[in-house]
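What follows is a single structure, written as structure tokens, with notes after it.
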There are 2 protein chains.
Amino acid sequence: MAKIDDVARLAGVSKGTVSNVFSQKRPTSKKVTERVLKASKELNYVPNHIARSLVTKKTMAIGLTIPHGNFFFSAFHNQFINGVVLEASRFGYRVLLDMLPMLEVRTPSLASYPIDGAIVLGPTEEDERIRLLHFNGIPFVTVGKIFNAQVEEAPTVNNDNARIVHDICDYLIARGHKNLMFLNASKGTTVSMERRTAFMEALAKHRLLMRDSVHHYKPHIQSDHYLHYGYAETIRVIRESSEKVTAIIADDDRAAFNAMNAIKDLGLRIPEDISLFVICGDLSMMHQTMPPLTGMDLQPSELGAQSVKLLMHKLGISNEGDYPDHLIIESKIVEGASCSSIEGEWQG
Amino acid sequence: MAKIDDVARLAGVSKGTVSNVFSQKRPTSKKVTERVLKASKELNYVPNHIARSLVTKKTMAIGLTIPHGNFFFSAFHNQFINGVVLEASRFGYRVLLDMLPMLEVRTPSLASYPIDGAIVLGPTEEDERIRLLHFNGIPFVTVGKIFNAQVEEAPTVNNDNARIVHDICDYLIARGHKNLMFLNASKGTTVSMERRTAFMEALAKHRLLMRDSVHHYKPHIQSDHYLHYGYAETIRVIRESSEKVTAIIADDDRAAFNAMNAIKDLGLRIPEDISLFVICGDLSMMHQTMPPLTGMDLQPSELGAQSVKLLMHKLGISNEGDYPDHLIIESKIVEGASCSSIEGEWQG
DNA sequence: CTGAAAGCGCTTACAG
DNA sequence: CTGAAAGCGCTTACAG
């Protein structure tokens with residue numbers, strides 16, 4: 001690979017000038033520009049990104065950290081990544097995927113992240129990623145509320161998790177359901193905590209007893225049970241419990257699928273025997289299942305896009321005037337046919 | 001951020017020694033190591049990744065380029081990315097997502113890629129990504145056959161696309177279908193070319209006429225029609241054509257969903273009126289649709305993992321002895337209930 | 001096992 | 001508008 005000195009020599013200019021032609025930070029005369037470009041082409045020259053980064057202190061990349069076991073992203077992650085990548089590219093930024101398991105690998109030859117900022121999806125109580133970013137002095141945006149104690153204040157993009165759970169419970173309870181099973185997200189994430197609190201509030205609001213309903217946390221993402229979360233819980237609750245659960249709220253498409261399989265394996269039908277509501281699923285997919293799923297559209301790609309915008313603002317790259325430090329992304333119920341009304345039994 | 005000089009001064013050693021403690025490339029005495037570590041902790045020191053990269057010429061990142069419009073990845077992409085990220089992390093590598101639309105953004109301030117190698121998903125005839133990688137002298141692996149003329153020889157991971165299409169056609173034709181509609185991948189990709197050729201061969205092999213079947217290319221990924229590919233084609237062919245298509249082969253889950261919607265909107269049923277076969281779909285999802293989809297398991301995450309292994313080998317990082325330059329990933333038919341036999345009509 | 005010094009390939013004040 | 005020189009923060013022969 002040719003370097004800047006080679007080009008400078010061939011074009012008969014200083015390397016500062018070659019630098020200016022490529023960075024366009026200072027004007028260069030037309031004929032010098034042409035000479036430099038010609039020499040560059042001849043030598044197949046392209047500025048070295050790393051060397052540039054070392055002095056500008058900009059990598060033009062943002063990190064995206066997603067909790068990640070040996071398993072697949074869900075449809076939610078998929079669309080979220082889409083939103084992030086697309087929006088980042090609008091600012092000329094690339095996205096560095098940074099998964100949790102890498103931490104172990106990174107330790108032996110620890111080094112700073114080659115990124116200008118980061119997006120942290122799904123903060124947890126003692127979030128190692130946040131600790132590390134903080135330690136490295138890298139600005140970041142969290143998607144999901146950050147746990148108060150960990151860091152003074154960080155910009156956040158979030159759904160209104162409390163409201164979402166209230167809406168779902170209202171929706172189901174209005175249809176006569178009194179005993180709900182909630183297949184929540186993983187324990188330790190702020191989103192699951194917000195949801196759990198809201199779940200209990202919603203039940204109390206309708207004068208339902210928590211002990212008649214069931215609440216489960218998804219296993220840790222590294223657990224072997226992660227992929228099958230929802231199946232065993234559904235089987236057990238329907239078969240063994242006395243609570244007569246009539247409606248299930250599933251965290252994501254995978255949990256919903258697992259619950260569907262459990263229900264089918266028990267010889268029951270959706271929604272005649274049991275209702276199913278999915279929180280973050282893929283819209284196009286939800287319409288194709290049997291029956292079509294009723295769920296909440298969380299706008300994952302919008303979550304991704306907005307978190308990039310917020311981060312860019314923090315980095316001083318976007319200059320769209322004032323920008324709030326905390327953004328709430330709208331969500332709304334999308335009706336399929338997986339939730340039914342229970343006749344007779346319900347009371348206002 | 002503290003730098004190496006600060007640590008060296010505080011620990012009373014040279015910066016070369018500090019470097020050795022962190023890189024572990026040369027042994028350091030125990031007590032010196034401790035002194036350095038103590039000083040580092042005190043100063044919150046972490047080696048600067050960029051500075052290190054400049055001299056080692058290693059970024060510890062690989063690029064992943066996926067053709068990408070303003071649209072979502074499919075389940076295939078999702079699982080592919082998973083395989084790549086996971087396998088890369090085993091080698092201590094990160095993954096830089098590099099999407100096509102960024103090219104435009106990159107031009108003004110062109111610079112080399114800060115990556116050690118790249119994975120190119122779905123090469124096309126005149127692949128700009130390959131041209132650029134080649135130009136930058138960055139080793140890469142393609143997933144999908146590379147177009148012959150473009151570059152002498154590049155390591156490749158691929159499905160056996162010809163065989164896959166033959167298997168699918170054999171499967172359908174054995175069930176009495178004579179008029180097939182093939183919703184292929186995008187024109188210009190080698191995968192769609194391989195498939196198209198195989199499609200014609202398979203028909204010829206069974207003495208069926210190409211003109212009785214229908215072949216479509218997916219629109220370019222930047223097209224507005226990309227997301228809805230399959231719907232209009234299905235409507236048109238079923239309603240207008242005289243060919244009486246009885247089976248549809250869909251490139252991916254999205255195309256399959258679109259075809260399903262079209263079939264439903266026409267008041268027809270799967271598989272009674274028309275059969276549907278999906279090439280790359282998500283297994284867990286395929287079981288939940290109505291009816292469950294019959295399709296091909298391409299093992300996308302294995303494709304991703306193997307392409308990383310191959311790349312690591314090319315980079316001289318993996319040393320698992322000899323490694324073939326071209327890998328074929330197995331695929332097999334997974335039966336659902338979306339393909340039926342046509343009685344009576346078929347002949348051996 | 002450790003140190004002094006050169007160098008990785010750029011950008012950026014500073015001077016003109 | 002252009003050049004000469006210092007410097008970004010590391011690693012790496014080389015010498016001891």
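Since we're looking at a predicted model, the values are computed, not measured. Order of the sequence lines sets the chain letters (A, B, ...), proteins ahead of strands, with each chain counted from 1.
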Do any N or O atoms from the side chain of [X] and from the backbone of [Y] form a donor-acceptor pair under 3.5 angstrom?
| X | Y | answer |
| --- | --- | --- |
| A:D116 | A:T59 | yes |
| B:T124 | B:G122 | no |
| B:S53 | B:K58 | yes |
| B:R35 | B:A11 | yes |
| A:S307 | A:L303 | yes |
| A:R129 | A:L121 | yes |
| B:N159 | B:I329 | yes |

Notebook entry, point to check: Given that both distances must come in under 3.5 Å, which nucleotide forms a Watson-Crick or G-U wobble pair with D:dT2?
Noted result: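 WC or wobble partner is C:dA15.
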
Next item on the list: Could you tell me which residues satisfy salt bridge (charged side-chain N to carboxylate O under 4.0 Å, His left out) with B:D6, sequence neighbours excluded, listed by chain and number?
Entry: B:R9

Notebook entry, point to check: With sequence neighbours excluded, what pairs up with A:K3 under the salt bridge (charged side-chain N to carboxylate O under 4.0 Å, His left out) test?
Noted result: none

Margin query: Over all strands shown, is A:K15 touching base, sugar-phosphate only, or nothing at heavy-atom distances under 4.0 angstrom?
Written below: base

Next item on the list: Using a 4.0 Å heavy-atom cut-off across all strands, classify A:V18 as base, sugar-phosphate, or nothing.
Entry: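 Touches nothing.
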
Item checked: Near-strand residues of residues 25-33 of chain A, defined as heavy-atom separation under 4.0 angstrom from DNA chain D ->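 Within this stretch, A:R26, A:P27, A:T28, A:S29, A:V32 sit under 4.0 Å of the strand.
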
Check: Is the closest side-chain heavy-atom distance between B:I62 and B:M312 below 4.5 Å?
Finding: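 Of all side-chain heavy-atom pairs linking B:M312 with B:I62, at least one is under 4.5 Å.
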
Notebook entry, point to check: What are the residues of residues 2-11 of chain B, sorted by number, that bring a heavy atom to within less than 4.0 Å of DNA chain C?
Noted result: none

Checklist line | Residue whose closest nucleotide on DNA chain C lies nearer the 5' end, B:R35 versus B:V55 | finding: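 The 5'-side residue here is B:R35.
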
Next item on the list: Shoot me the first and last contacting nucleotide of DNA chain D against chain B, ordered 5' to 3', at under 4.0 angstrom to non-hydrogen atoms.
Entry: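 Going 5' to 3' along DNA chain D, contacts run D:dG9 to D:dC14.
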
Next item on the list: Kindly write out the residues that satisfy side-chain hydrogen bond (donor to acceptor under 3.5 Å, both in side chains) with A:T190, not counting sequence neighbours, or none if the list is empty.
Entry: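 For A:T190 there are no side-chain hydrogen bond (donor to acceptor under 3.5 Å, both in side chains) partners, ignoring immediate neighbours.
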
Checklist line | Same-atom distance (C1') from C:dG16 to C:dT12, integer angstrom | finding: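 One C1' to the other, the span is 16 Å.
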
